[in-house]
Every structure is written in C-alpha cells, then in structure tokens.
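What follows is one structure encoded as structure tokens, with my remarks underneath.
Labels below follow one simple rule: chain letters A, B, ... track the order of the sequence lines, proteins then strands, and each chain is numbered from 1. No hydrogens, no waters, no symmetry mates; every other heavy atom, side chains included, goes into these values.
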Number of protein chains: 2
Amino acid sequence: MPHPSQPGYEPESPCHYRRALEVVSSKWTVLVFYELEEGSKRYSELKKRIEGVTQKMLTQTLRQLERDGLVKRCVYPTVPQTVDYTLTTLGLTLIEPMRILHRWTEAHYDSVLQARRAYDGRLDAADGAEPDLADAANSDSD
Amino acid sequence: MPHPSQPGYEPESPCHYRRALEVVSSKWTVLVFYELEEGSKRYSELKKRIEGVTQKMLTQTLRQLERDGLVKRCVYPTVPQTVDYTLTTLGLTLIEPMRILHRWTEAHYDSVLQARRAYDGRLDAADGAEPDLADAANSDSD
DNA sequence: CCGGATCCCCAGAGATACTG
DNA sequence: CAGTATCTCTGGGGATCCGG
C-alpha cells in the first residue's frame, strides 16, 4: 500500500492503481509484451520486430520490466554476446488483463473513432458558421 | 507512433491497441473515471475531489473523454454557470476492464515492489562489490 | 462557476557515437 | 551483439491571468 504519510493521500484514492497502470501503459511496454508472449526473444529480435523502437527505448523498457519482475533477462557468454528476455510467472499474470483491455479495444474502438469524428464535426460546424440550431440529424446514441 | 496522422503507422500493428490504451492510461483519466463511476459530478466537484489536478489538466482530460464519447458534458444555463459530467454507455463498458486491471494491481503490486527492491538491492551489491571501480557507495533508492 | 489563453520549465524521447 | 553515454529538442504539464 502507498504510504499514508503522503500528503493528500486518501485511503480510497487509486493513486496506487495509477502507478500500476504505468507498468503497462508506457509506449513500448505493450509491444514488448506482445512479442514476449510468444516466448523468449533476443534483444536484436525484439529490436527488429518492434517497428520504430530505438535501442535506448527498448533497453529502457526492458530494464523497467526486469526491475518490476515482469521479465527475466538471461545473458549467455557466447563470443558475440547473446541476451534473451522472457516473461516471468508474474509477467504472465498480466497477460489476461491486457487481453481484456485489448478486447475492449476491438469491440469499442470504432465507437471511439466515430465519437471523435462527430465531436470534431460539431466543432467545425460551430467554427465555420453558427446557426441557431443544427439541422443535421445528430446520431447521438447516448 | 503516437499520432494518427503521423506517417509510418500500420493499421494491423498493435499500435492500434496502444492508441486505445492512451484512452485510459493518461494520468488523470483514471481518477476522473473513478469519480464518475459513482454518478454525475460537477466540474468543481471533480476539481475538489481529485487531489492535485489543475483546471487545465482537468478540463483537458474531460474534453478528451468527451471527444472519445466516454463522458457526456451537460451545461446548465444557471446564473453562475453549472456543468456536470457523466459516463456514457460507452464509458461504462470501460469500467469492467479497468476493474480487472485494478484487481491485478491489488493482487500483484506487492510482488512488483518486492521485485524492485530486489533488483535495486542487487545493483547496490554489484556496485559495492566492485572495488576496482568507484567505492563511493551512493545508496540511491526509489 | 467554468474554462480559454498564455508563458515557462523540465522530464523524456530521438539521434549519434562509443564500448565490453 | 547488446548495450552505455551524451546532446538536443519537443511537448506535456504547472501557474497565472483573463473572459463568458
């Protein structure tokens, strides 16, 4: 539990939860998880498969996951050094929650995009000209 | 890549999922959700209950949630303006996934903290045990 | 009461070069 | 191969003032 000595801390406050969200919410963490879900991967393999990640970010992400006990790092003293990464048992427990969030995405992300278009459209309309009443059939499902 | 309009993002890549994560992962979004889960709240009420949030951040967060169709904003033309916010039906569908992540937190966050201490401890030990290098023991903890 | 507009600052992400 | 080190620079977030 978070320290009650913290100022502004409320027992009900989800700041604890928010910090946990940071574990999964960072940009590359999710992508790394997706790769490691399939099994151990080497650093170069991850680098190759995760489009657009820099060494710095990949290393940083992996270090954080290692520190959090979600990923295990193994170094093999081969001639050109070899390192591979694996999800720990703790890391595996996060897969299901992530899947659920993923499923939410697939089920509702279209609605989010649609809501955005509607919202932006409303803004544009209001911006361009301000009629007393919008005559457009507003498909506001809520 | 974070931005939708940015070139070089693939529709099939989990970046789609990542973008969806952004919907919930931002610092204040979760806290707003926690408040609205209990029912409609007014702006000032949210501001008062969410410790440490600035007007800018609160407004920004609410705007984004509104744009994403997760929150409904209602303005009442009372003498001092009154505005309140409510979760939409779409917003309500997100509660369950968030709860599951929350539950993961409660079940495993101790393990994460423990892993961190172990990791940091190992680093300190490795630092101290290396006499050839700097023996200045800088005990910097989390 | 609600929130837009503005200035400022610094953590963090990218790029590049170097090392064990 | 698998990182570390350093530099730069952007933009997210805080603070403050102002407007509806």
Nearest to the [X] side chain among [options], which nucleotide is it?
X: P80(A); options: dC1(C), dG3(C), dC1(D); result: dC1(D)
X: T54(A); options: dC2(C), dA15(C), dC1(D); result: dA15(C)
X: M57(A); options: dG14(C), dG14(D), dC2(C); result: dG14(C)
X: K56(A); options: dA2(D), dG14(D), dC7(D); result: dC7(D)
X: R42(B); options: dA2(D), dC2(C), dG4(C); result: dC2(C)
X: Q81(B); options: dA17(C), dC2(C), dA2(D); result: dC2(C)

Does this structure show an ion pair linking [X] with [Y], if we count only N-O contacts that are shorter than 4.0 Å?
X: D84(B); Y: R73(B); answer: no
X: R99(A); Y: E37(A); answer: yes
X: K48(A); Y: E45(A); answer: yes
X: E66(A); Y: R116(B); answer: no

Starting at atom [atom1] of [X], determine the distance to atom [atom2] of [N], rounded to an integer number of angstrom.
X: Q55(B); N: dA15(D); atom1: CD; atom2: C1'; answer: 8 Å
X: E45(B); N: dC1(C); atom1: CD; atom2: P; answer: 12 Å
X: K41(B); N: dC2(C); atom1: NZ; atom2: P; answer: 14 Å
X: L58(B); N: dC1(C); atom1: CG; atom2: C1'; answer: 13 Å
X: L46(B); N: dG3(C); atom1: CG; atom2: P; answer: 10 Å
X: Q60(B); N: dA5(C); atom1: CD; atom2: C1'; answer: 13 Å
X: D84(A); N: dG3(D); atom1: CG; atom2: C1'; answer: 15 Å
X: R73(B); N: dG4(C); atom1: CZ; atom2: C1'; answer: 11 Å

- Just call it for K47(B): base, sugar-phosphate, or nothing, with non-hydrogen atoms closer than 4.0 Å on any strand. nothing

- Task: Tell me what Y76(B) touches on the nucleic acid: a base, only sugar-phosphate, or nothing, going by heavy atoms under 4.0 Å.
- Result: nothing

- Item | I50(B) reachable from Y34(B) in the ILVMFWY side-chain graph, under 4.5 Å edges | yes

Is any side-chain nitrogen or oxygen of [X] closer than 4.0 Å to OP1 or OP2 of [N]?
X: T78(B); N: dC1(C); result: no
X: R63(B); N: dG4(C); result: yes
X: Y85(B); N: dC2(C); result: no

- Query: What distance separates L65(A) CG from L94(A) CG, expressed to the nearest 0.5 Å?
  - Reply: 9.5 Å

- Query: Have Y119(B) and D68(A) got a donor and an acceptor in their side chains that come within less than 3.5 Å?
  - Reply: no

- Side chains of T59(A) and Y43(A): donor-acceptor distance under 3.5 Å anywhere? yes

- Note on the structure: Of V53(B) and L62(A), the one whose nearest nucleotide on DNA chain D sits closer to the 5' end is L62(A)

- Task: Find the bend of the helix from dC1(C)-dG20(D) to dG20(C)-dC1(D) as the angle between its two terminal axes (five pairs each), to the nearest 10°.
- Result: 50°

